[in-house]
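Working notes, structure below.
Note: hydrogens, waters and symmetry copies are ignored here, and every other heavy atom, side chains too, is used.
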Amino acid sequence: RRVKEMSVVEIALCHVTLRNIGLALLVVVLVFVFKAIKIFLFPRPGAVKESYPFQNTIILAQSQEIILEICKKYFDLTYEQTKKKTFLLEVIGLPTFVMTVDVANVTHVLKTNFENYGKSAPIFKNKFQGLLGDGIFNADGQQWFAHRKTSAHLFKLSEFKSTVLDIFNHDLTIAIDYIKSKKNDSFDFQGLMHKFTLESISQIAFGLQLGCISDNEVEFANDFDYCTACINDSMINPFWIFERFFTPGGWRYFAALRRLNKFAAKLIKERRAQVAAASDTTSKPRNDLLSLYLNRDNFSRKDRDDDEGEKKSSGGYSDAFMEPTDQNLRDVILNMVIAGRDTTAQALSWTFYRLCIHPEVQLKVREELRAVAEKTHLSLQSPDTYSYAFLQQLRYTEAVCMEALRLHPSVPKEAKCVMQDEVLPDGTQVRKGDILSFQAWSMGRDPTLWGENAMDFVPERFLEQTKPNPFVFTAFQAGPRTCLGQNFAILEMKCTLARLVSQFEFTLQQPADSVTYASTLTLPIKGGLQVSAELVQ
């Protein structure tokens, strides 16, 4: 009898549970339908109007592979109809996106009212936290400034002239030997650049030699790439939570994240031991980024109070301190990988793609190298030639790098959360919780900013003008969040172009129209870049 009673109770509980689940699902469906009808019938001013309910959501879901072109199309259409360069995109399950390529708006967001547009809102934290934690790319306020202040030590000119260039040249020599081993056969240039920049940033930022410039797969890099792709998807996928926790793709994300955390934990443990051992001796202190974070002197009150220029350029924050816990150091490591590996490797890949389809530009770079070497009585075959002074004379080579970044910015779209309601300079109203996105990829292709030849690859445009307006050329952002590593990245790109183009003639080994981007946080070439390299006389 008791068994029967329990069975009845269990059946009742099961019935109640199933009914509750059904009601919950019904509520979710009704909320989605209500918002769909609201977006369709009562769109916000400036929003892309739908021809039928769910249209914007469906287009967004189906267009991930060409999302930048879709945004560019909407910008062009909006400007044609309204003479404005801002539109709103309302979709189901996500905040309203405010998309802009208006220079006045970009200046307002990145400088004038900088503090109203941040990264610490839940819409970002919930999605970025797993990989980036509270690192510099996922922080605001004092926390962000503490990261920026410490990282700035790494980008001093004195470091560029010695340690940094020595590492670049050492790793490029290994990369050159790798290319020579291919004997004119096709190879993935982007894969090589990812390994080169990972090797370099690992030494510069973490004091770690990985030895990864080879044909071998790098598990750390593969895991990192997968996690960044998942984060990008979560920004535009209203069902990302379900996919993250209940699908094989989501489980793969957590497995990759565990391996990344294990890698970082091992590195932190080793560095703490090395720093502790060095403090007990008269050894010269290490100057990699991890060691800088472990040294509390980098956050001294005198250093903070004396640097008025840095306070003004960084939004007024001055009390910069971050406890060097294992978690904080782990966040430093993974944020620096994005800063020092992905962005520069992909910028180099797109630059060499342009050199391959514009052989006349590749020839001009080589001619400039030979002219400077002849003037300075140096040999292009010697790594010692490529000093800071030598690279500074390569004006055309730098223009090539800048032009490649204009058309292929390493961070093609940047998003920030609106903290308080306000009106942008062009009259667009933004509300608390909206996602404001300025699109460097579209801005670089805007003929009203760059002329009728905006779609053409013309390095000379950067020889004809002074330093470009950072609120027009937004590849390195602008204002208080201007990329600290801007000069670092340009130096690495120039050094790489100089070393490789001086020795090889690069040829594209795949159809030019097959080269496109993969949709992630940055701008990798989808599937890599197949090239061959022939030694030049």
Strictly by modelled atom types, are Thr428 and Asn105 linked by a side-chain donor-acceptor pair under 3.5 Å? no
Which residue in the set Leu88, Asp434, Val91 passes side-chain contact (heavy atoms from CB on, under 4.5 Å) when paired with Phe97? Val91
Spatial distance of atom NE2 (His377) from atom OG1 (Thr385) [nearest 0.5 Å]: 12.5 Å
Can you classify the ring geometry of Phe473 versus Phe462 as parallel (below 30°), tilted (30 to 60°) or perpendicular (above 60°)? perpendicular
Could you check whether the rings of Trp350 and His408 sit parallel, tilted or perpendicular, using 30° and 60° as the cut-offs? parallel
Derivation of the side-chain contact (heavy atoms from CB on, under 4.5 Å) call for Phe263 and Arg330: CA-CA 9 Å; Phe263 173 91; Arg330 173 261 182 213; over 6 Å; no
Between Glu414 and Arg481, does any NZ, NE, NH1 or NH2 come within less than 4.0 Å of an OD or OE carboxylate oxygen? no
Can a side-chain donor-acceptor contact be found between Thr397 and Glu368 if the only test is distance below 3.5 angstrom? yes
Residue pair Trp240 / Ile231, side-chain heavy-atom distance below 4.5 Å: no
Please report the interatomic distance OG(Ser532) to CZ(Phe187), rounded to the nearest 0.5 Å. 8.0 Å
Would you indicate whether the side-chain heavy atoms of Trp450 and Arg406 approach each other to under 4.5 Å? yes
Just checking, any donor-acceptor pair under 3.5 angstrom between side chains of Lys85 and Thr448? yes
Assess, by modelled atom type and distance only, whether the side chains of Ser200 and Arg341 contain a donor and an acceptor separated by less than 3.5 Å. no
CG (Leu267) and NZ (Lys262) are apart, to the nearest 0.5 Å, by 14.5 Å
Is Lys364 salt-bridged to Glu367, going by a charged N under 4.0 Å from an acidic O? no
Taking the side chain as every heavy atom from C-beta outward, state whether Phe352 and Val531 have any pair of such atoms under 4.5 Å apart. no
Side chains of Asp426 and Thr86, donor plus acceptor under 3.5 Å: yes
When you check the side-chain N and O atoms of Asp185 and Gln509, is any donor under 3.5 Å from an acceptor? no
Verdict with supporting geometry, Tyr178 and Thr173, side-chain contact (heavy atoms from CB on, under 4.5 Å): CA-CA 9 Å; Tyr178 173 87; Thr173 298; over 6 Å; no
Set out, in order, the CA-CA distance, both residues' side-chain angles and the distance that settles side-chain contact (heavy atoms from CB on, under 4.5 Å) for Phe224 and Asp342, then state yes or no. CA-CA 10 Å; Phe224 194 87; Asp342 294 30; 3.9 Å; yes
I'd like to know if the side chain of Gln477 pairs up with that of Thr482 as donor and acceptor (distance under 3.5 Å, no hydrogens or angles considered). no
Rounded to the nearest 0.5 Å, how far does OH of Tyr388 lie from CG of Leu165? 9.0 Å
Answer yes or no for Arg252 and Tyr226: cation-pi contact, defined as NZ/CZ to six-membered ring centre under 6.0 Å and angle to ring axis within 45°. yes
Please check if any side-chain donor atom of Gln439 sits under 3.5 Å from a side-chain acceptor atom of Lys72, or the reverse. no
Would you call Thr96 and Leu89 a side-chain contact if the rule is heavy atoms closer than 4.5 Å? no
Walk me through it: do Asp233 and Glu243 pass the test side-chain contact (heavy atoms from CB on, under 4.5 Å)? CA-CA 10 Å; Asp233 178 69; Glu243 292 184 3; 3.7 Å; yes
Check this for me: Gln486, atom CD, are more than 12 non-hydrogen atoms of other residues, nucleotides or ligands nearer than 6.0 Å? yes
Side chains of Leu394 and Leu391: closer than 4.5 Å at any heavy-atom pair? yes
Are the side chains of Phe488 and Ile204 in touch, meaning some heavy atoms are under 4.5 Å apart? yes
So how far is it from Cys356 SG to Gln530 CD, rounded to the nearest 0.5 Å? 11.5 Å
Would you say the side chain of Lys413 lies within less than 4.5 Å of the side chain of Asn232, judging by non-hydrogen atoms? yes
Rounding to 0.5 Å, atoms CG (Leu68) and CG (Leu523) come to a distance of 6.5 Å
Are Tyr353 and Phe189 close enough that their ring centers fall under 6.0 Å? no
Decide yes or no on ring-ring contact (aromatic ring centres under 6.0 Å, His included) for Phe168 and Tyr386, but give the supporting numbers first. CA-CA 10 Å; Phe168 287 165; Tyr386 302 89; over 10 Å; no
Side chains of Gln362 and Val400: does their closest heavy-atom pair fall under 4.5 Å? no
List the steps, then state whether ring-ring contact (aromatic ring centres under 6.0 Å, His included) holds for Phe87 with Phe75. CA-CA 7 Å; Phe87 69 87; Phe75 283 126; 4.9 Å; yes
Does NZ or CZ of Arg244 come closer than 6.0 Å to the centre of the six-membered ring of Tyr253, within 45° of the ring's axis? yes
Classify the side-chain pair Thr507/Glu505 by whether it contains a donor and acceptor separated by less than 3.5 Å. no
